[in-house]
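In the text below, chain A, chain B and the rest are named by the order of the sequence lines, each starting its count at 1.
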Number of protein chains: 2
Amino acid sequence: MSRETTSPALQAAEKLCDERGERLTPIRRRVLELVHEADGPVKAYDLLETLKPGPGSAKPPTVYRALEFLLGLGLVHKVEALNAYVGCSHSHSCGGAELFICSDCGSVQECHGAPVSTQTPDGFIIERSVVEHFGHCGNCRT
Amino acid sequence: MSRETTSPALQAAEKLCDERGERLTPIRRRVLELVHEADGPVKAYDLLETLKPGPGSAKPPTVYRALEFLLGLGLVHKVEALNAYVGCSHSHSCGGAELFICSDCGSVQECHGAPVSTQTPDGFIIERSVVEHFGHCGNCRT
DNA sequence: TTCTCGGGTGTAATATTATAACGTCGCAGT
DNA sequence: ACTGCGACGTTATAATATTACACCCGAGAA
Ligand SMILES: [Zn+2]
Ligand SMILES: [Zn+2]
Ligand SMILES: [Zn+2]
Ligand SMILES: [Zn+2]
């Protein structure tokens with residue numbers, strides 16, 4: 001029984017889908033696994049490659065649809081500045097994360113509940129924030 | 001003499017290039033103008049369309065090179081989440097802006113000197129931050 | 001049972017965004 | 001004149017993402 005256990009991320013996803021009446025189909029589950037297994041932000045077309053050792057299936061819409069679903073549930077975040085995707089590192093559904101991406105090792109750390117903006121323009125109502133910090137993580141200091 | 005004057009943005013660009021020993025060539029100037037004239041974030045390929053009423057010139061690298069130059073000088077910002085570009089609304093070179101983009105009217109407001117992150121992970125050194133807020137501006141409130 | 005309806009998926013095509021590679025031109029310094 | 005370099009022109013292609021339409025299957029209604 002070397003790899004029988006489901007990862008915490010998968011378990012959380014199951015639970016969340018249950019609560020919301022959504023279906024964590026095999027494709028969606030597989031994409032979620034792949035995103036979490038990656039050691040950094042992962043590109044849609046890399047997922048696609050990994051996903052298709054069967055000749056018939058896995059065209060772009062397949063993976064984009066799965067990603068869209070997972071993004072909607074907050075199980076995955078998109079790194080806008082990289083056109084890449086990371087698994088949410090929180091066990092619960094997380095709305096809008098602040099990401100710290102190491103340019104050296106590619107690791108991503110995630111915070112939330114971030115009090116991001118001090119000087120919101122007068123009358124502006126924020127609906128969604130993209131906050132991505134690029135730099136060097138603690139491990140990659142020279 | 002209806003439109004003889006150079007815009008403040010252009011004047012600032014001239015000055016900045018002077019200081020840095022860079023050349024604000026006609027193409028670069030034109031792209032900067034177009035980005036500033038637009039009433040919101042503008043796409044590279046829209047610039048390209050606007051730029052080529054002459055049959056020969058204006059291929060993608062032309063506009064991307066100009067944008068890269070202008071981004072480097074801080075005269076233009078990229079809206080990562082839209083793959084689009086906005087003119088910097090500050091007269092000086094501005095390193096890293098916080099953008100507020102109205103989803104209704106497309107207007108962009110810019111702040112900087114932003115004390116963005118409260119909970120930087122231990123040891124993480126931030127080099128560049130992307131901060132983009134989407135929502136509804138004061139004018140677009142119902 | 002049979003029908004129908006909707007969500008999820010398969011598939012082909014295409015749209016959009018961005019870069020690589022290489023050649024040319026003109027100018028500054030020698 | 002020769003050289004080097006930065007900006008640009010040109011072609012091609014890579015990388016990212018969406019549209020459109022057909023199919024299947026399972027839940028519930030008839
Ligand atoms: Zn998260
Ligand atoms: Zn690192
Ligand atoms: Zn600015
Ligand atoms: Zn507005």
Residues B:E19 and B:K15 bridged, charged N to O under 4.0 Å: yes
Figure out the [atom1]/[atom2] separation between [X] and [N], and round it to whole Å.
| X | N | atom1 | atom2 | answer |
| --- | --- | --- | --- | --- |
| B:R30 | D:dC8 | CZ | C1' | 17 Å |
| A:L48 | D:dT18 | CG | C1' | 14 Å |
| B:L47 | C:dT16 | CG | P | 15 Å |
| A:L51 | C:dT11 | CG | P | 13 Å |
| A:I27 | C:dG8 | CD1 | C1' | 8 Å |
| A:E68 | C:dG7 | CD | P | 13 Å |
| A:E49 | D:dA14 | CD | P | 13 Å |
| A:L67 | C:dG8 | CG | C1' | 15 Å |

Rounded distance (nearest 0.5 Å) linking atom CG of A:N139 with atom OG of A:S107: 7.0 Å
Reported OG1-to-CG distance for the pair B:T62 and B:L67, which is rounded to 0.5 angstrom: 11.0 Å
Collect all protein-nucleotide pairs involving nucleotides 17-24 of chain C in which both atoms are nitrogen or oxygen and the distance is under 3.5 Å.
residue : atom : partner : partner atom : Å
C:dT17  : OP1  : B:K43   : NZ           : 2.4
C:dA18  : OP1  : B:K78   : NZ           : 2.7
C:dA18  : OP1  : B:N83   : OD1          : 3.4
C:dA18  : OP2  : B:Y64   : OH           : 3.0
C:dA18  : OP2  : B:Y85   : OH           : 3.4
C:dA18  : N7   : B:Y45   : OH           : 2.7
C:dA18  : N6   : B:Y45   : OH           : 3.2

B:F124: ring-ring contact (aromatic ring centres under 6.0 Å, His included) partners, not counting sequence neighbours: A:F100
Same cluster (ILVMFWY, side-chain, under 4.5 Å), A:Y64 and A:L24: yes
OP1 or OP2 of C:dT9 under 4.0 Å from side-chain N/O of A:T62: no
Under 4.0 angstrom between B:R28 side-chain N/O and D:dC8 OP1 or OP2: yes
B:E110 side chain to B:A97 backbone, donor-acceptor under 3.5 Å: no
